[in-house]
Amino acid sequence: VVQYDPCKGAGVYTALAYSCLCISTTITAISAARNEYLVKSYTIGLNVQNAVLYSGGAFFNLLAFSALPNPNSSPEVGFFDGYDNVLAIGVVLSNALIGLVITAVYKYADAVVKCIASDIT
């Protein structure tokens, strides 16, 4: 997609949109480099780091489910509501696998390889 209009001599979007894009790109790059540094510099094993990360994610999701109000205003909505479909379970499992692979890439390769692999998949 071309984001430059040669007839107007300007970008298609506002300057605010391009600024947000630059900020988002900068934050992503800094986060990737910091994550790589943290994974490589900790003396804790990779599996322990992943276990702590996933345990924290599960804890905060359960906390949010129990503390935040139900947006559907339906009392029968459970925590696993909607996960009776095989495709939904497949999405959850593939995201978990991608998370494990990304930490391994950070540990044994670098953030550039991770970005290339993310773009390919």
Side-chain angles (χ1 to χ4, degrees):
V1 175
V2 177
Q3 295 183 358
Y4 179 75
D5 187 357
C7 295
K8 294 180 182 177
V12 176
Y13 301 109
T14 64
L16 178 63
Y18 291 115
S19 299
C20 288
L21 181 66
C22 289
I23 290 169
S24 174
T25 304
T26 303
I27 290 172
T28 302
I30 291 170
S31 297
R34 182 69 179 162
N35 284 337
E36 177 189 350
Y37 171 76
L38 291 174
V39 168
K40 286 184 177 182
S41 65
Y42 277 12
T43 57
I44 301 172
L46 189 61
N47 292 329
V48 175
Q49 290 178 21
N50 283 330
V52 170
L53 178 69
Y54 280 99
S55 298
F59 171 75
F60 283 113
N61 278 301
L62 286 170
L63 182 69
F65 178 77
S66 62
L68 296 177
N70 183 359
N72 297 328
S73 299
S74 175
E76 65 268 359
V77 176
F79 185 73
F80 292 109
D81 189 45
Y83 289 101
D84 53 351
N85 187 350
V86 175
L87 295 176
I89 295 170
V91 167
V92 171
L93 293 176
S94 67
N95 282 336
L97 182 65
I98 288 170
L100 295 172
V101 169
I102 285 174
T103 55
V105 168
Y106 278 145
K107 181 77 172 185
Y108 301 112
D110 60 4
V112 175
V113 173
K114 181 257 178 196
C115 290
I116 293 170
S118 295
D119 291 338
I120 291 173
T121 60

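When atom types are taken as modelled, the side chain of Ser24 and the backbone of Cys20 share no donor-acceptor pair closer than 3.5 angstrom. No side-chain donor-acceptor contact under 3.5 Å links Lys40 to the backbone of Asn35.
Residue-environment remark: OH (Tyr37) stays at or below the threshold of 12 foreign heavy atoms within 6.0 Å. The 12-atom threshold is exceeded at CZ of Phe65, counting heavy atoms of other residues, nucleotides or ligands nearer than 6.0 Å.
Note that the OG atom of Ser41 and the CD atom of Glu36 stand 10.0 Å from one another [nearest 0.5 Å]. Put simply, CG on Leu97 and CD1 on Ile102 are 10.0 Å apart, with the number rounded to the nearest 0.5 Å. Rounding to the nearest 0.5 Å gives a distance of 4.5 Å between CG of Leu21 and OG1 of Thr25. Cys22 SG to Ile27 CD1: the interatomic distance, rounded to the nearest 0.5 Å, is 11.5 Å. Atoms CG and CD1, on Asp84 and Ile89 in that order, are 8.0 Å from each other to the nearest 0.5 Å.
For the pair Val39/Gln49, a side-chain contact is recorded, criterion being any heavy-atom separation below 4.5 Å from C-beta on. A 4.5 Å side-chain heavy-atom check between Ser66 and Leu62 finds every atom pair outside the cut-off.
Between Tyr18 and Tyr13 the shortest heavy-atom distance is CE1-O, 3.3 Å. Between Tyr83 and Ala88, the shortest heavy-atom contact is CD2-CB, 4.2 Å.
The hydrophobic clustering, which links ILVMFWY residues whose side-chain heavy atoms are closer than 4.5 Å, places Ile98 and Tyr54 apart. When the side chains of ILVMFWY residues are joined at heavy-atom separations under 4.5 Å, either directly or via intervening members, Leu68 and Phe59 end up in two distinct hydrophobic clusters. When the side chains of ILVMFWY residues are joined at heavy-atom separations under 4.5 Å, either directly or via intervening members, Val105 and Leu100 end up in two distinct hydrophobic clusters.
Val48 pairs in a side chain to side chain contact (heavy atoms under 4.5 Å, CB included) with only one of the listed residues (Asn50, Ile44, Leu46), which is Ile44.
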